[in-house]
Each structure stands twice: as structure tokens, then as C-alpha cells.
Number of protein chains: 2
Amino acid sequence: MQKLPIDRILNGCCIEELKKLPDGSVELVFADPPYNLQLGEGLTRPDQSKVDGVDAEWDQFSSFKAYDDFCREWLSEARRVLKKDGALWVIGSYHNIYRLGAVLQDLGFWIHNDIVWVKSNPMPNFRGTRFTNAHETLIWAAKSEKSRVTFNYHSLKAANEDVQMRSDWTLPLCTGAERLKQDGAKLHPTQKPEALLHRIITATTKPGDVIVDPFFGTGTTGAVAKRLGRHYIGIERDQSYVLAAEQRIGAIVAPKNPEELAPLPAPRREPRVGFGQVVEAGLLAPGTKLYCPKRKYTAKVKADGSLSTPKLEGSIHKVGASLQNAPSCNGWTYWHFEERKGQFAPIDSLRQAIRSRPS
Amino acid sequence: MQKLPIDRILNGCCIEELKKLPDGSVELVFADPPYNLQLGEGLTRPDQSKVDGVDAEWDQFSSFKAYDDFCREWLSEARRVLKKDGALWVIGSYHNIYRLGAVLQDLGFWIHNDIVWVKSNPMPNFRGTRFTNAHETLIWAAKSEKSRVTFNYHSLKAANEDVQMRSDWTLPLCTGAERLKQDGAKLHPTQKPEALLHRIITATTKPGDVIVDPFFGTGTTGAVAKRLGRHYIGIERDQSYVLAAEQRIGAIVAPKNPEELAPLPAPRREPRVGFGQVVEAGLLAPGTKLYCPKRKYTAKVKADGSLSTPKLEGSIHKVGASLQNAPSCNGWTYWHFEERKGQFAPIDSLRQAIRSRPS
DNA sequence: AAGGTCGTTGAATCGTACA
DNA sequence: GTGTACGATTCAACGACCT
């Protein structure tokens with residue numbers, strides 16, 4: 001049996017290189033496989049600039065079946081390489097995550113959680129045709145139903161203000177100085193933020209564990225693993241990525257006392273409360289009349305969470321601004337509803353009610 | 001072909017009852033399918049043999065296959081029943097959503113978004129072995145890639161503080177008075193909050209549309225549909241749920257004023273005004289100079305409502321696109337005229353002036 | 001120095017009405 | 001059905017540059 005190529009990057013195809021690794025030899029696999037995006041013609045922003053989309057050859061598959069076959073192959077090898085109590089993380093979007101999830105269940109992996117990476121700064125939908133694609137999905141699965149996987153529950157809870165870490169993680173994209181660049185352009189189209197790997201590794205591995213990443217890219221997994229006192233084995237077929245990753249990881253100093261490394265707390269963004277939620281929650285019925293502070297103007301609540309007057313329609317803010325001929329208006333404090341006969345309250349009180357709902 | 005059983009609950013198996021509905025007859029399917037099929041009890045293999053649990057892995061595969069077969073059957077019927085531009089929503093957790101997603105993709109449904117329902121008050125994980133399961137996943141998919149589905153973009157934006165609605169929705173569980181009870185116990189184990197259905201229905205249907213829910217349960221879909229001026233067809237095999245749903249929906253008063261239900265119209269639904277009309281109306285004299293936003297390019301207004309530069313002639317859109325070397329251009333917002341000395345305004349403001357003229 | 005403005009960018013399955 | 005022309009459409013974060 002081969003010796004495990006610890007803390008090295010193997011330059012080659014993920015399936016072939018996985019096949020060279022011995023059975024039951026590693027604690028964790030983290031995988032960020034191709035998403036099979038199948039993008040159409042070039043997308044432009046409203047200002048006519050072009051979106052730098054993912055058009056790499058490695059992301060193209062001819063059919064769902066071709067993609068499924070690919071997944072089945074590398075996931076089988078990943079499962080073989082895992083120790084009995086080992087675990088797997090995969091990340092994907094709606095394009096591929098249902099394929100991945102179904103295949104890994106078929107192979108006997110046992111899902112513990114799926115995790116939603118809620119992006120604090122996603123790319124908007126430029127054409128106004130869909131919801132902003134603001135999240136990606138991760139699956140955390142054990143090698144089998146009987147595996148007793150590592151889960152550092154207490155350190156996660158302690159790091160998270162003594163409440164259990166939830167399945168929704170709000171984190172920003174990988175931008176700024178963290179993003180690897182070459183001649184000013186991003187080196188890799190889909191580099192993941194280190195904070196994401198930090199949380200995964202501190203949650204589900206112990207110091208000294210070995211983590212295999214079969215789609216190593218620019219080596220985020222290796223960088224975070226080294227910083228956290230874990231070992232990595234990277235597999236990457238593009239040599240320019242291998243070189244960049246080696247340089248990146250080489251600059252990182254491994255810690256002296258990995259046991260002391262705490263997981264990242266999970267700050268939860270205060271969710272935006274829109275007027276639509278007030279209507280959805282049944283706090284104001286469609287058709288209810290709203291009044292401006294001096295009762296001079298009125299508007300009607302619509303079922304979709306907009307306001308209407310005989311001449312105007314739009315958000316609580318836009319309609320308020322138009323009526324006053326002002327550039328802007330805070331609709332929450334401008335619009336009032338009749339709470340009791342002759343008693344008016346600003347609709348902001350209803351937003352407060354939503355914010356303080358059971359949690 | 002049968003008449004559509006509008007605003008009724010059909011007491012029976014979802015597949016059999018769906019089969020009775022005519023082809024291409026409804027705008028939306030919302031489905032909250034059961035996913036306890038793989039949990040041992042009540043599970044039968046496709047061949048109806050007993051599960052003995054000796055061969056755990058084969059057994060698991062067999063149970064996934066049974067669930068997939070079930071999904072394929074009801075999703076096929078759901079797709080058949082949908083109009084050409086119809087759409088489907090399904091909700092699930094990690095137990096079943098990967099099966100559902102993969103099957104619906106295989107059947108030709110075209111995913112537009114997946115949506116994460118982030119629960120503001122989830123049940124904690126009592127044993128401390130996993131992350132708190134704090135979300136469920138919804139998939140919004142069109143009948144096919146070519147479908148032009150309903151998406152009330154402007155309603156959603158107005159309801160959400162004038163920013164695009166994202167794919168992560170934070171909403172509380174269905175609790176309190178909204179939760180149907182019987183002798184103090186919850187009547188249905190997985191009753192969904194009305195706010196969730198409210199957002200789905202206002203986002204992706206128009207008033208008067210027909211919504212089929214093949215797993216009707218206690219009728220949340222029907223209740224919200226009725227309140228929003230949409231029609232429903234519920235299918236439910238448990239008669240006690242049917243009775244509860246009928247009572248619940250019967251107590252709801254359908255809205256009187258359709259204008260309160262209408263989605264915010266897109267600006268483009270306003271009557272089309274050509275640039276020629278601006279010139280005809282004398283709002284811009286032939287020969288007037290127009291400027292691009294950065295004042296880099298200029299063009300002259302011609303009497304026939306076209307633009308000219310020394311090298312180019314054509315519509316406001318074509319000339320703008322050519323100058324920028326862009327595939328397309330909205331001339332209304334690209335071209336500016338000098339309103340007062342040093343003050344520029346887009347020519348779109350002149351179109352607005354024409355639209356708001358008394359006619 | 002602190003603060004404001006402007007420009008850039010990120011895993012994206014991103015039109016439609018009319019002739 | 002198909003081709004053509006109109007014309008609708010973006011949020012948050014970060015860095016550069018200016019006042």
C-alpha cells in the first residue's frame with residue numbers, strides 16, 4: 001500500500017489520483033466540483049458592461065447523465081478513501097446540487113445536514129427575471145449511516161454566543177485582498193472564501209486530521225487546513241492553479257498549538273424587513289387605507305406589498321416621495337394606519353412587531 | 001375532457017386524482033410532498049415485498065428507488081397538467097429534496113431558482129450531534145426551458161425596500177393561532193405558514209390563476225389562494241384533513257376589489273411612445289444636440305425622429321448601441337439633452353411628459 | 001485625517017412584442 | 001413559426017481618487 005502523500009498537491013485528474021490513494025485512509029473529503037452551469041450567450045449589466053461568467057471547459061457536460069456518471073465515479077472513490085468514521089462535504093448550486101445529493105445518497109453516504117451559505121454580497125439578477133441567486137448549498141454527509149463522525153459541538157456552541165450553530169451561514173464572497181489575482185484579473189473563477197472552509201474544518205475535523213480536496217483549485221482548503229493544524233491532500237489538473245496554490249500555502253505558517261484554535265462565530269445578518277412581510281404576516285389586510293401624518297394623503301395597501309393611489313403605484317417609500325414631490329421618503333414613518341377608532345400609528349410599529357417575533 | 005374542479009378538494013391519492021385533470025390546464029403546482037417514506041415504517045419496496053433490514057445498503061438503495069418512482073409518477077402528472085408557461089414549486093428538506101430536484105430535472109422541468117426558507121424559530125437539535133436544522137429548501141421550476149413563467153418582479157421589489165427579492169427568505173414557523181389544533185394537539189405535523197404561500201403566490205401567479213396542490217394537507221395553499229383571488233384545486237387522501245381544510249377555507253372571504261390584487265405593472269406595460277412623437281410634439285427641435293451620459297458622444301435630432309452623427313444614422317437605440325460597440329442600448333436612458341445651461345436630463349423624461357399628457 | 005464620489009466586480013442556466 | 005426591433009435591467013463591498 002502506498003504512503004499517503006500528505007500536504008501535497010497532486011497534479012492530475014481527480015478520479016485517477018483518488019484511485020491511487022489507499023482505502024480508509026483519510027478523515028474528511030471537501031469537494032467543490034464543477035457546477036455544470038450551461039450558461040447562455042454573454043450577459044451584460046444594465047450599464048452595458050459584460051459579466052465575466054464561468055465559461056471554463058471543465059464546467060461543461062453534455063447531459064445530466066454525463067454529469068451524474070462523473071459524480072458517481074469521483075464520489076465512489078472519495079468514499080473508498082474515507083475512514084470508517086470519515087465524512088464528506090460538497091458544495092454546489094441548484095444547477096448541480098440535486099444531482100450530487102441524489103448520487104451520494106445512492107452510494108450510501110448518510111446526510112447529517114445540508115448547510116446554506118447565504119451570501120451577504122451576491123451578484124444581482126441583472127434582467128429582473130428571477131430572485132437574486134444569493135446562496136449556495138453544502139451537504140455534510142458521513143461515509144455511512146453507522147459512521148460516528150467528528151462534530152465539535154461544544155466549541156461551536158461556545159464560539160457562537162452559547163447557542164447552537166445553525167444550518168444557515170451568512171458569509172461574504174471571496175473578494176478584495178483574499179482573492180488571488182493575475183495581471184489584475186481573477187486567477188480562478190470560483191475561489192471560495194477561507195471563512196467557509198474555516199468553519200467546516202473546525203466543526204468537523206480534529207487537529208492532525210487529513211483532508212482530501214479533489215478539486216483543489218487555488219488551494220483554499222489547503223491554506224485553511226494548514227493554518228488550523230490539519231493535513232491536506234489536494235488534487236488539481238490545471239498546473240497553473242497548482243503553482244498558485246503551492247505558493248499560497250507555502251506562505252502560511254502552521255500553528256504551534258492547533259488545539260487552541262477556535263471556530264469562527266456565526267454572525268447572523270439582521271434580515272431586511274420589507275413592507276411585503278407586514279402584509280404577508282396578515283398585520284395589514286389588502287385594501288387597508290394608510291394616511292400621511294397630516295391625513296392629507298391616503299393610499300391603499302395592495303396584496304403584493306405595494307401601495308396604490310388613484311394616480312400612483314409603488315413601494316411605501318416611492319409613493320410617499322411622489323405625493324410630497326420629495327426626492328425620497330421613509331415610508332415606515334410617513335404612512336400611518338388606524339389602529340383603533342381615531343388612533344393612528346406609523347406602520348413602522350408593525351415592522352417592529354415582525355422583528356420581535358418568536359425567535 | 002373533464003371540467004376543471006375549481007376551488008374544490010379532491011379526496012384521494014395524488015397520482016390518481018392528478019390523472020383525472022386535463023392536459024395543460026393550470027398555471028401553478030405547489031407541492032409539499034411527504035418524505036417519511038424512507039424511514040422504515042410503512043416502507044414497501046417497489047415489488048411490495050417486506051423490508052427485512054438485513055442488507056442495509058441494498059435496503060437503502062431500494063427505499064430511495066421507491067421514493068424516486070413515487071416522485072417521478074406524481075411529478076410527471078403535475079407536468080402534464082401544467083399549461084405551457086406553467087410552473088411548479090416543491091418544498092422539502094435534505095431527506096427528500098435531492099431526490100425531488102434530480103427527478104424534476106430529469107423530467108424536463110427547468111429550475112429558475114432554489115429558495116431557502118430560513119426559519120427564524122427552528123427546533124433546536126436536542127442531542128447536540130448536528131447543526132440546528134434551521135431551513136427548508138424550495139425549488140421553483142418552469143414546465144420547460146421555453147416556458148415564459150409569471151414573475152411579478154416589480155411587486156417583489158416594491159415589497160422589499162425597493163431592492164430585488166433574494167433567494168433566502170426568513171420567516172417564522174407556523175405557530176400560535178394560525179396552527180390548526182384538535183383537542184390541543186396539532187392537527188397536521190408539517191403545516192406550512194401562510195406567509196410562505198403568500199409570497200409564492202404573489203410572486204409567481206396572477207389573480208384568477210389556478211393552483212393545484214397535490215398534497216393539500218390542512219389547505220394552506222387553498223386558504224392563501226382564496227384570500228389572494230386565485231383558484232385552487234386540492235388533492236388530499238386523508239379525509240380528516242379534507243374536512244379541516246374545507247372548514248378553514250370556508251371561513252375566508254374572497255376579496256372584493258381586484259385592483260388590490262393586481263401585481264405592480266412593469267413600466268414597459270405603459271403605452272409605447274416612439275422618439276418620433278417627442279419630436280412631433282415639439283419637445284425637441286430638429287437639430288438639437290443630444291449627449292451620452294459622459295458627454296463623450298453627441299448626435300443630432302432629425303426631423304423624422306431619427307438621430308445622426310457624422311458617421312451614423314438610425315434610431316436612438318441603434319446609434320447608441322453602435323457608438324458604444326454594444327449589442328443593444330436603451331436610447332431613452334442613454335441620450336441626454338441640455339435642459340438648462342449645464343443641466344442635462346435623459347430624453348426618457350420627455351417620453352414621460354408625453355405619457356402623462358391629458359389625452 | 002476623515003469622509004464622499006466614482007468605478008469595478010462577483011458560480012448566471014437573466015426578453016418580448018410585433019410584423 | 002421566425003426574424004427584427006424595441007428597450008428593460010443591479011446590490012454590496014472594496015479600492016482609487018478627490019475634497
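Per chain, numbering begins at 1; letters A, B, ... match sequence-line order.
The number of heavy atoms from other shown groups lying within 6.0 Å of CD (A/Gln239) does not exceed 12.
Looking at residues two or more places apart in sequence or on another chain, you find a side-chain hydrogen bond (donor to acceptor under 3.5 Å, both in side chains) between B/Asp162 and A/Ser315. Taking the side chain to side chain contact (heavy atoms under 4.5 Å, CB included) definition, one finds that B/Asp85 meets it with B/Ser147, B/Arg148, sequence neighbours left out. Listed by chain and number, the residues in a side-chain hydrogen bond (donor to acceptor under 3.5 Å, both in side chains) with A/Asp238 are A/Ser240 (sequence neighbours excluded).
Consecutive Watson-Crick or G-U pairs involving DNA chain C, each under 3.5 Å on both distances, make up stems of three or more pairs at C:2-10 with D:11-19, C:15-19 with D:2-6.
Of the candidate nucleotides C/dA12, D/dC11, D/dC14, D/dC11 has the atom nearest to the side chain of B/Gln164.
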Could you pull out every donor-acceptor pair under 3.5 Å between side chains of residues 167-174 of chain A and any protein atom, sequence neighbours left out?
unit_1   : atom_1 : unit_2   : atom_2 : d
A/Ser167 : OG     : B/Thr132 : O      : 3.2
A/Ser167 : OG     : B/Ala134 : N      : 2.8
A/Ser167 : OG     : B/His135 : ND1    : 2.8
A/Asp168 : OD1    : A/Arg166 : NE     : 2.7
A/Asp168 : OD1    : A/Arg166 : NH2    : 3.1
A/Asp168 : OD2    : A/Arg166 : NH2    : 3.4
A/Trp169 : NE1    : A/Arg166 : O      : 2.9

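Comparing D/dG7 with C/dG10, their P atoms sit 32 Å apart, to the nearest whole Å.
Within the cation-pi definition used here (under 6.0 Å to the ring centroid, within 45° of the axis), A/Arg130 does not qualify as a partner of B/Phe151.
As judged by a 4.0 angstrom heavy-atom cut-off over every strand, A/Ser120 is placed among residues touching the sugar-phosphate backbone only. Base contact: A/Lys192 has a heavy atom under 4.0 Å from a base atom.
Side-chain atoms of B/Gln277 and B/Arg351 include no donor-acceptor pair closer than 3.5 Å.
Near DNA chain C, meaning a heavy atom under 4.0 Å from it, residues 179-188 of chain A has A/Arg179, A/Lys186 in order of number.
If you take NZ of A/Lys119 and P of D/dA12, they are 15 Å apart, rounded to a whole angstrom.
Each of A/Pro33 and B/Val149 was assigned the nucleotide of DNA chain C with the nearest heavy atom; the assignment lying further toward the 5' end belongs to A/Pro33.
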